Amino acid sequence: MKKLLLLSGCLFGAWNVSAQVILKVTGEVTTPLQLQASDLKALPHTEVKAVDKDQKEHHYSGIPLIELLKKAGVTIGGQLRGENLVKYALVRATDGYEVLFALPELDPEFSTRTIVLADAVDGTALPTGVGPYRIVVPGEKKPARWIREVREIEIRFAK
Ligand SMILES: Nc1nc2c(c(=O)[nH]1)N[C@H]1C(S)=C(S)[C@@H](COP(=O)(O)O)O[C@H]1N2
Ligand SMILES: [Mo]
């Protein structure tokens with residue numbers, strides 16, 4: 001009986017960990033998202049090259065932010081005009097740090113760079129305190145918007 005309890009405890013523990021919400025996409029969306037690790041892994045990934053604080057170029061692998069916006073039903077592409085041009089994505093981390101991106105910065109119809117929610121650098125998963133997900137902005141001279149430990153993306157209207 002003791003063994004059975006122990007086993008069910010372990011199984012419940014494993015289920016609990018795998019069901020954990022890693023990232024939320026909220027606000028001005030048609031479908032709010034509560035994504036678990038497996039949901040995030042299943043999204044399209046890409047690789048970008050970017051110069052980190054060490055002034056060296058690294059290869060970052062991650063989910064283009066545009067993919068998350070598509071999944072949540074944000075006004076991008078043909079819908080990104082008129083009043084929708086004053087919408088932005090407010091990105092929030094576990095330590096309370098926040099940064100924002102105007103939607104056109106994330107939309108390939110406007111921007112030539114791909115901003116990603118990175119989960120690996122040079123083939124290795126991001127370490128604790130940085131990952132599991134960090135924003136990487138290729139071409140940005142200062143990494144202040146490379147927000148670590150991202151936990152929520154809120155789409156808002158600037159008015
Ligand atoms: N969650 C979180 N991300 C953050 C910050 C922070 O305070 N919290 N600081 C930012 C700033 S101001 C810089 S310059 C870079 C620092 O990058 P580093 O981790 O390579 O030092 O991370 C950015 N990402
Ligand atoms: Mo900084």
Side-chain angles (χ1 to χ4, degrees), residues 13-14 16-76 80 84-159:
N16 217 10
V17 167
S18 66
Q20 210 184 336
V21 172
I22 306 284
L23 179 79
K24 289 184 192 176
V25 184
T26 60
E28 298 285 333
V29 299
T30 57
T31 313
L33 307 176
Q34 300 233 352
L35 303 169
Q36 300 171 14
S38 55
D39 303 320
L40 288 155
K41 282 211 175 76
L43 283 168
H45 280 59
T46 193
E47 201 172 90
V48 295
K49 284 187 254 176
V51 177
D52 200 347
K53 223 181 178 181
D54 61 8
Q55 302 301 319
K56 290 186 190 132
E57 192 176 74
H58 296 277
H59 291 76
Y60 292 91
S61 162
I63 304 158
L65 276 186
I66 190 72
E67 296 296 337
L68 288 161
L69 302 191
K70 275 187 207 164
K71 197 173 165 69
V74 178
T75 52
I76 50 167
L80 192 41
N84 289 333
L85 285 166
V86 298
K87 281 184 191 162
Y88 60 98
L90 185 65
V91 186
R92 207 169 281 128
T94 48
D95 63 353
Y97 189 71
E98 293 174 315
V99 299
L100 75 80
F101 298 92
L103 290 192
E105 290 188 88
L106 309 176
D107 190 327
E109 290 189 18
F110 286 82
S111 179
T112 53
R113 65 182 181 181
T114 307
I115 299 175
V116 301
L117 191 63
D119 56 14
V121 56
D122 301 326
T124 307
L126 296 178
T128 309
V130 178
Y133 288 93
R134 179 187 201 174
I135 296 277
V136 169
V137 190
E140 194 119 293
K141 287 165 72 181
K142 192 174 181 171
R145 295 200 293 177
W146 292 34
I147 178 171
R148 298 182 290 262
E149 296 185 282
V150 173
R151 66 170 172 85
E152 187 173 354
I153 299 170
E154 189 185 342
I155 307 301
R156 288 195 185 173
F157 253 121
K159 56 183 182 181

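Both ligands and their constituent atoms are indexed starting at 1 by order of listing. The chain is numbered in sequence order, starting from 1. Quantities reported herein were computed from a predicted structural model and do not represent experimental measurements.
Scanning all protein heavy atoms for the shortest distance to atom 9 (N) of ligand 1 gives Tyr97 CZ, 3.7 Å. In terms of protein heavy atoms, atom 17 (O) of ligand 1 is closest to Arg134 NH2, 3.1 Å. For atom 13 (C) of ligand 1, the nearest protein heavy atom (residue, atom name, distance) is Pro143 O, 3.7 Å.
Those atoms of ligand 1 with a heavy atom of Ala144 less than 4.0 angstrom away are 10 (C), 11 (C), 12 (S), 13 (C), 23 (C). Listed by number with element, the atoms of ligand 1 under 4.0 Å from a non-hydrogen atom of Ala93 are 1 (N). For ligand 1, the atoms sitting less than 4.0 Å from at least one non-hydrogen atom of Trp146 are 22 (O), 23 (C), 24 (N), numbered in the order shown with element in parentheses. Heavy-atom proximity to Asp95, at under 4.0 Å, picks out these atoms of ligand 1: 1 (N), 2 (C), 6 (C), 7 (O), 8 (N).
Taking both residues in full, the closest heavy atoms of Lys49 and Pro138 are given as O-CB, 3.8 Å, listed atom of the first, atom of the second, then distance. Nearest heavy atoms, Ile153 versus Leu65: CD1-CD2, 3.7 Å.
On a distance-only criterion, Arg148 and ligand 1 share at least one N/O pair closer than 3.5 Å.
Annotation: side chain of Leu80 is not in contact with side chain of Glu109 (no heavy-atom distance under 4.5 Å). Within the 4.5 Å cutoff, side-chain heavy atoms of Ile63 are placed close to those of Leu68. You'll find the side chain of Thr31 stays beyond 4.5 Å of the side chain of Lys71, heavy atoms only.
Summarising the geometry, atom CZ belonging to Arg134 is positioned 8.0 Å from atom CG belonging to Leu126; distances are rounded to the nearest 0.5 Å.
Put simply, no part of Lys142 is less than 4.0 Å from ligand 1, judged by heavy atoms.
Using a 4.0 Å cut-off between a side-chain N of Lys or Arg and a carboxylate O of Asp or Glu, Glu154 and Lys24 do not qualify as a salt bridge.
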